[in-house]
Asker: 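Mind having a look at this structure? Questions to follow.
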Amino acid sequence: LDYQSAAFHTAVAKFIAKNGYGCQVDDLPGSTIPLINGVARGDVDVIMEIWTANPAQAWVDAEKAGTVVALGTTYPDAVEGWFVPTYVVDGAEAPAPTLAKAEDLPEFAPLFTDPEEPSKGRFYNCPAGWQCEVVNSKKLIAYGLEESYTNFRPGTGAALQAAVESAYLRKKPILFYYWAPTALMGKYEFVQLQEPTFNRELWDQMMEAEVPNAATAYPVSMVIIGANKAFSESAPNLTAFLKAYSTTSALTSKALADMEANGGSADTAAQTFLKGNEDVWTKWVPASVAEKVKAAL
């Protein structure tokens with residue numbers, strides 16, 4: 001898939017399949033819908049990330065048709081939310097030690113001053129056109145923050161990351177939306193602001209309303225491995241490995257930070273992960289396979 005976490009997990013699975021099981025492995029780059037349709041048809045055997053909180057309709061349809069199966073849990077705790085750097089709320093010099101919830105934000109607007117509109121704080125939203133930009137804009141209304149914060153939309157995802165990194169490296173306060181696992185979350189320490197526990201009914205009401213009066217947290221998403229059913233049945237050893245496959249959002253974010261540091265190579269990041277986390281991945285495979293992987297490393 002055409003984003004970092006999926007590229008990393010594909011590289012990990014590929015290295016183990018190739019060196020531990022003696023398979024020939026091809027990885028086929030693409031975006032979510034075409035690759036899921038490829039798995040359903042049998043043109044693609046395995047896809048390493050299916051986000052289950054709001055799964056793509058192509059996956060839902062393929063599951064109903066019985067052409068795909070869910071295997072292991074790539075990570076169970078993919079998150080989205082509003083964050084501030086840890087130094088804003090924790091430590092002897094923290095300027096906002098009582099900031100814990102989104103509903104606390106009005107009193108802290110001066111801390112996050114918008115340089116272009118100094119009478120308000122600045123909330124760094126997603127770029128326009130992303131679904132999360134729509135969600136966050138509705139949340140700003142629901143939490144009563146429109147009067148005290150500007151809804152700032154960076155031009156790109158890279159611009160959002162750059163703004164957060166710039167503030168962090170200068171130890172400046174910044175309030176922003178982000179998600180994990182990502183390299184940014186693996187490199188630095190942030191605190192997620194609390195919101196009301198995810199409620200599907202309330203979420204749907206929020207999304208339907210022009211002026212919502214209540215909001216709820218983003219759902220935590222379990223991310224799973226999807227496979228073509230016929231392939232899975234024909235390859236029981238690989239299926240057992242992929243069913244046992246399991247990491248966490250934190251482990252993945254750390255790996256993505258390493259990946260970014262080494263120039264963006266998913267294959268290099270996968271090997272760094274395998275070398276440093278034997279206690280994790282050796283549980284996925286028989287001892288004989290683990291020894292072959294270690295020898296290849």
Side-chain angles (χ1 to χ4, degrees), residues 3-5 54 78-91 94-196 198 203 206-207 211-212 215-221 249-250 253 256-257 260:
Y3 52 91
Q4 285 185 323
S5 59
N54 292 291
V79 299
E80 299 175 76
W82 294 8
F83 293 86
V84 297
T86 300
Y87 57 74
V88 168
V89 297
D90 190 29
T98 60
L99 173 59
K101 304 175 182 179
E103 63 187 34
D104 298 333
L105 284 169
E107 67 177 286
F108 293 101
L111 181 64
F112 302 105
T113 301
D114 187 327
E116 296 175 11
E117 198 169 343
S119 64
K120 292 185 175 183
R122 173 179 283 190
F123 171 73
Y124 282 84
N125 200 339
C126 301
W130 291 19
Q131 178 64 12
C132 48
E133 185 267 333
V134 176
V135 176
N136 291 328
S137 296
K138 288 182 178 289
K139 287 188 175 193
L140 285 167
I141 296 170
Y143 292 141
L145 300 175
E146 276 196 309
E147 296 300 316
S148 51
Y149 285 84
T150 57
N151 185 0
F152 184 82
R153 303 163 179 88
T156 63
L160 174 59
Q161 178 177 344
V164 175
E165 288 205 74
S166 175
Y168 196 100
L169 293 173
R170 292 179 295 125
K171 288 293 185 285
K172 299 291 187 182
I174 185 169
L175 168 67
F176 63 101
Y177 161 90
Y178 223 73
W179 66 99
T182 49
L184 186 75
M185 291 292 161
K187 289 168 70 174
Y188 307 117
E189 294 184 1
F190 301 105
V191 171
Q192 184 174 356
L193 298 182
Q194 299 169 25
E195 298 179 69
F198 175 73
W203 178 277
M206 176 184 76
M207 296 306 294
V211 183
T216 178
Y218 283 90
V220 174
S221 190
S249 180
S253 288
L256 297 184
E260 191 173 276

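All values derive from a computational prediction rather than experimental measurement. These values consider heavy atoms only, across backbone and side chains, with no hydrogens, waters or symmetry-generated copies.
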Asker: Does Glu146 offer a backbone N or O that forms a donor-acceptor pair with the side chain of Lys120 under 3.5 Å?
Answerer: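 Confirmed, Lys120 side chain pairs with Glu146 backbone.
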Asker: Check the angle between the aromatic planes of Tyr124 and Phe152 and answer parallel, tilted or perpendicular using the 30° and 60° thresholds.
Answerer: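 Plane angle over 60°, so perpendicular.
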Asker: As a quick check of understanding, evaluate side chain to side chain contact (heavy atoms under 4.5 Å, CB included) for Val164 and Phe190, giving each step before the final call.
Answerer: CA-CA 11 Å; Val164 175; Phe190 301 105; 3.8 Å; yes
Asker: To the nearest 0.5 Å, tell me how far Asn125 CG sits from Trp130 CH2.
Answerer: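 The CG atom of Asn125 sits 10.5 Å away from the CH2 atom of Trp130.
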Asker: Looking at every heavy atom in both Glu117 and Thr150, which two are closest together, and how far apart are they?
Answerer: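 Answer, listing the atom of Glu117 first, then Thr150: OE1-CG2, 3.3 Å.
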Asker: Search all heavy atoms of Pro127 against all heavy atoms of Gly155 and return the closest pair with its distance.
Answerer: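 Reported closest heavy-atom pair: CB-O, 3.8 Å.
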Asker: Please report the interatomic distance OG(Ser148) to CG(Asp114), rounded to the nearest 0.5 Å.
Answerer: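 One gets 12.0 Å once the value is rounded to the nearest 0.5 Å.
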Asker: Which heavy atom of Pro118 sits nearest to which heavy atom of Glu116, and what is that distance?
Answerer: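 So the minimum-distance heavy-atom pair works out to CD-C, 3.7 Å.
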Asker: Can you say whether the rings of Tyr218 and Tyr177 are parallel (under 30°), tilted (30 to 60°) or perpendicular (over 60°)?
Answerer: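 Because their plane-to-plane angle lies in the 30° to 60° range, the rings of Tyr218 and Tyr177 count as tilted.
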Asker: Nearest 0.5 Å, what's the CG-CG distance between Asn136 and Asn151?
Answerer: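 Answer for the CG-CG pair, Asn136 versus Asn151, is 8.0 Å.
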Asker: Enter the distance from Phe176:CZ to Leu184:CG here, rounded to the nearest 0.5 Å.
Answerer: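 Interatomic distance, Phe176 CZ to Leu184 CG, rounded to 0.5 Å: 6.0 Å.
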Asker: Determine yes or no for a side-chain-to-main-chain donor-acceptor pair under 3.5 angstrom, with Ser137 supplying the side chain and Glu133 the backbone.
Answerer: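 The answer is yes, because a donor-acceptor pair under 3.5 Å joins these two groups.
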Asker: Got a donor-acceptor contact below 3.5 angstrom from the Asp90 side chain to the Thr86 backbone?
Answerer: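 Here the side-chain-to-backbone pair does not exist.
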Asker: Are Trp203 and Pro219 packed together at the side-chain level, in the sense that at least one heavy-atom pair is separated by less than 4.5 angstrom?
Answerer: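 Contact flag for Trp203/Pro219 side chains = yes.
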Asker: If you look at every heavy atom in Met185 and Ala180, which pair is closest and at what distance?
Answerer: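 Smallest heavy-atom distance, with atoms named: CG-CB, 3.9 Å.
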Asker: Measuring from Glu107:CD to Leu99:CG, what's the distance to the nearest 0.5 Å?
Answerer: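 The CD atom of Glu107 sits 8.0 Å away from the CG atom of Leu99.
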Asker: With side chains defined as the heavy atoms from C-beta onward, is the minimum distance between Phe112 and Val84 less than 4.5 Å?
Answerer: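 Contact flag for Phe112/Val84 side chains = yes.
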Asker: Less than 4.5 Å apart, side chain to side chain, heavy atoms only: is that true for Ser5 and Thr182?
Answerer: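 No; the side chains remain at least 4.5 Å from each other.
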Asker: Rounded to the nearest 0.5 Å, how far apart are CZ of Arg122 and CD1 of Ile174?
Answerer: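 So the CZ of Arg122 and the CD1 of Ile174 are separated by 8.5 Å.
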Asker: Would you call the rings of Trp82 and Tyr143 parallel, tilted or perpendicular, where under 30° means parallel and over 60° means perpendicular?
Answerer: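 Aromatic pair Trp82/Tyr143 classed perpendicular.
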Asker: Which atoms form the tightest heavy-atom contact between Glu80 and Gln192, and what is the distance?
Answerer: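 Taking every non-hydrogen atom into account, O-NE2, 3.2 Å.
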Asker: Can you check side chain to side chain contact (heavy atoms under 4.5 Å, CB included) on Glu189 and Tyr168, steps first, answer last?
Answerer: CA-CA 9 Å; Glu189 294 184 1; Tyr168 196 100; 3.8 Å; yes
Asker: Evaluate the side chain to side chain contact (heavy atoms under 4.5 Å, CB included) criterion for residues Tyr149 and Leu175: first the C-alpha distance (whole Å), next the side-chain angles of each, then the deciding distance (0.1 Å), finally the verdict.
Answerer: CA-CA 10 Å; Tyr149 285 84; Leu175 168 67; 3.6 Å; yes
Asker: Met207 and Val135: side chain to side chain contact (heavy atoms under 4.5 Å, CB included), yes or no, with the steps?
Answerer: CA-CA 7 Å; Met207 296 306 294; Val135 176; 3.8 Å; yes
Asker: Using a 3.5 Å distance criterion without hydrogens, assess whether the side chain of Lys139 forms a donor-acceptor pair with backbone atoms of Thr216.
Answerer: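 Yes.
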Asker: Looking only at non-hydrogen atoms, find the nearest pair between Ala183 and Glu260 and report the distance.
Answerer: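 In terms of heavy atoms, the two residues are closest at CB-OE1, 3.6 Å.
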